[in-house]
Amino acid sequence: MFLSRFKKFICILLTAVMISLVPYSDVSAAERVFPHDDNLVIVIDPGHGGNDTGTQGGRIQERFMNLITASALASRLSMYEGVTVYMTRSDNDTTLSLTDRAKYAESVDADFVFSVHYNACYAHDRFGIEVYTSRVAPYNAYGYQFGNLLMQKFEEQYGIFPRGVKTRKGLRTEGDYYTIISANIYREIPAVIIEHCFADGTVDAVHTASNDLFVSYGETDADAIAEYFGLKSSILGIDYSGYSDNLIAADINNFNDATYEDRTAPDLVSVTVTNIDPVSNTVTVTVEAEEADGMMMFYALSTDGGWTWEESKPWPGANTYNGTFDSSFELTLSFEDGYRPDIVIKGFNRYDAYTKSNQITFIDRFNSLDKPMYREA
Ligand SMILES: [Zn+2]
């Protein structure tokens, strides 16, 4: 751990020295880590299909959403030069195993596989875009650099929350959980899963409201892929062959710590009362968290002791790209006359593991007059 941090420090120093030696216009934000190839072969994989519908939690089944996005992606990416694009399926009736998709990628000599998906979760309360990459070097770095570039575009263009570039460990192996990733890297083909946003949540409902949006996302994917590989298109009048500010530094020889699968709940989440205004019926609380092996990403509030929860919100200061977050923040809550709040906060990390805070239980009801009493548990 210390060694890897030290190495990174040296890399930063070296980058700083190099920047001072070259003219500004040639400076990359970070080096492209994927090996240059004049004749790229890209396979676009619309997730699910046929008997496998994908999530049914959205306005339409996921297999349909994925094909709309993947088709738009493939047709726009084909407008770039030096790239041949294939799709694993082009209708919604074909059932294809994950291994067959990887075998297909191998048969066309693919350089990279992009698997197109939309997300869902049991509680229907999540939102944002995330990208899954391999745990194995150098594939881990390829997906890490691509995913960060893609999330920046989705955040800027659509206001979709960036949840991060993630990994997931296989159940009985040190390798990857997702077969579309493991079956491809077994064939030495890098692969990532793009989970564009959540089909089943209320926050992302606005981002899945029309099929036109699914088309736009595919076009944005295509531009992100083109930028990642440094492609240009005379038809589109776009040239990514120079530098890109959107590339993040990635280590091709090691696992990138920012993609670490943090399944342990945050170390501590606490809430304390900092002010009560009895006339306006408001309470100001300070929320604090400690999360040594990851980052805080969301919080949810309950004012009835945890029976019901408000929609979760991004944790203040949460920065997906560098892993930082505010260790504390203030919330001011207002209540109606006669209400007796019982305040508790859930703090979630990047992998949705959460810790519940202590509870602030009011003994008296708010009445726009007297300062209500409370106890902390
Ligand atoms: Zn899916």
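Note that the coordinates shown come from a computational prediction; the quantities given were computed from them, not determined experimentally.
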Output, in order, the C-alpha distance, side-chain angles, deciding distance and verdict of side-chain contact (heavy atoms from CB on, under 4.5 Å) for Phe255 and Thr167. CA-CA 10 Å; Phe255 180 83; Thr167 56; 4.0 Å; yes
Backbone N or O of [Y] within a donor-acceptor pair of the [X] side chain at under 3.5 Å?
| X | Y | value |
| --- | --- | --- |
| Asp204 | Gly128 | yes |
| Tyr144 | Ile248 | no |
| Arg59 | Thr208 | yes |
| Asn349 | Asp262 | yes |
| Asp200 | Cys121 | yes |
| Ser241 | Lys232 | no |
| Asn256 | Asp251 | yes |
| Lys169 | Thr173 | yes |
| Thr308 | Asp304 | no |
| Asp45 | Met87 | no |

Closest contact, heavy atoms only, [X] versus [Y]:
| X | Y | value |
| --- | --- | --- |
| Val131 | Gly143 | CG1-O, 4.4 Å |
| Gly175 | Arg135 | O-CD, 3.3 Å |
| Asp111 | Ile189 | C-CG2, 4.2 Å |
| Ala137 | Asn254 | CB-N, 4.1 Å |
| Ile363 | Arg340 | O-CD, 3.3 Å |
| Gly306 | Val344 | N-CG1, 3.6 Å |

Any chance you could measure [X], atom [atom1], to [Y], atom [atom2], to the nearest 0.5 Å?
| X | Y | atom1 | atom2 | result |
| --- | --- | --- | --- | --- |
| Ile194 | Glu130 | CD1 | CD | 12.0 Å |
| Leu331 | Thr286 | CG | OG1 | 9.0 Å |
| Ser134 | Asp176 | OG | CG | 3.5 Å |
| Glu288 | Asp326 | CD | CG | 12.0 Å |
| Ile129 | Ile160 | CD1 | CD1 | 6.5 Å |
| Ser234 | Met79 | OG | CE | 11.5 Å |

The single option from Lys346, Arg263, Arg126 passing salt bridge (charged side-chain N to carboxylate O under 4.0 Å, His left out) against Asp352: Arg126
Decide whether [X] and [Y] meet the rule of one side-chain donor and one side-chain acceptor closer than 3.5 Å.
| X | Y | answer |
| --- | --- | --- |
| Thr264 | Asp293 | yes |
| Thr220 | Gln157 | yes |
| Glu310 | Ser302 | no |
| Gln56 | Thr53 | yes |
| Ser334 | Asn281 | no |
| Ser280 | Asp277 | yes |
| Thr361 | Asp342 | yes |

Would you call the rings of Phe161 and Phe298 parallel, tilted or perpendicular, taking 30° and 60° as the class edges? tilted
Quick one: sort the Phe329 and Tyr299 rings into parallel, tilted or perpendicular, breaks at 30° and 60°. tilted
Hey, is Asp52 close enough to Arg63 for a salt bridge, meaning N to O under 4.0 Å? no
Under 4.0 Å between a Lys/Arg side-chain N and an Asp/Glu carboxylate O for Glu261 and Lys166? no
Checking Lys153 against Glu227 for the salt bridge (charged side-chain N to carboxylate O under 4.0 Å, His left out) test, could you report, in this order, the C-alpha distance in whole Å, the side-chain angles of both residues, the deciding distance, and whether it holds? CA-CA 11 Å; Lys153 286 190 183 285; Glu227 185 169 346; 2.8 Å; yes
Centroid separation [X] to [Y] less than 6.0 Å:
| X | Y | value |
| --- | --- | --- |
| Tyr217 | Tyr158 | yes |
| Tyr132 | Tyr177 | no |
| Phe214 | Tyr118 | yes |
| Trp315 | Phe348 | no |
| Phe229 | Phe34 | yes |
| Phe366 | Tyr339 | no |

Applying ring-ring contact (aromatic ring centres under 6.0 Å, His included), name anything that partners His207, two or more places apart in sequence or on another chain. none
May I ask you to check whether over 12 heavy atoms, not counting those of Tyr260, lie within 6.0 Å of atom OH? yes
The side-chain contact (heavy atoms from CB on, under 4.5 Å) partner of Ser357 among Thr272, Ile343, Val287, Val269 is Val269
For side chain to side chain donor-acceptor pair (under 3.5 Å), just list the numbers for Glu155 and Tyr321, CA-CA rounded to whole Å, side-chain angles, deciding distance to a tenth of an Å, and then say yes or no. CA-CA 12 Å; Glu155 187 175 20; Tyr321 307 103; 3.0 Å; yes
Does the side-chain contact (heavy atoms from CB on, under 4.5 Å) test come out yes or no for Glu62 and His117, once each step is laid out? CA-CA 7 Å; Glu62 189 196 344; His117 288 257; 3.1 Å; yes
Is there side-chain contact between Leu333 and Thr282, with heavy atoms separated by less than 4.5 Å? no
Carefully, step by step, assess Asp212 and Ser210 under the rule side chain to side chain donor-acceptor pair (under 3.5 Å). CA-CA 5 Å; Asp212 289 348; Ser210 77; 4.8 Å; no
Walk me through it: do Leu40 and Thr84 pass the test side-chain contact (heavy atoms from CB on, under 4.5 Å)? CA-CA 6 Å; Leu40 277 172; Thr84 309; over 6 Å; no
Please determine which of Phe146, Tyr86, Tyr228, Tyr142 meets the ring-ring contact (aromatic ring centres under 6.0 Å, His included) test together with Phe114. Phe146
Go through the steps to decide whether Val83 and Leu231 satisfy the test side-chain contact (heavy atoms from CB on, under 4.5 Å), and finish with yes or no. CA-CA 8 Å; Val83 58; Leu231 303 178; 4.2 Å; yes
Side chain to side chain donor-acceptor pair (under 3.5 Å) between Glu290 and Ser327: does it pass, once the steps are laid out? CA-CA 7 Å; Glu290 289 170 19; Ser327 59; over 6 Å; no
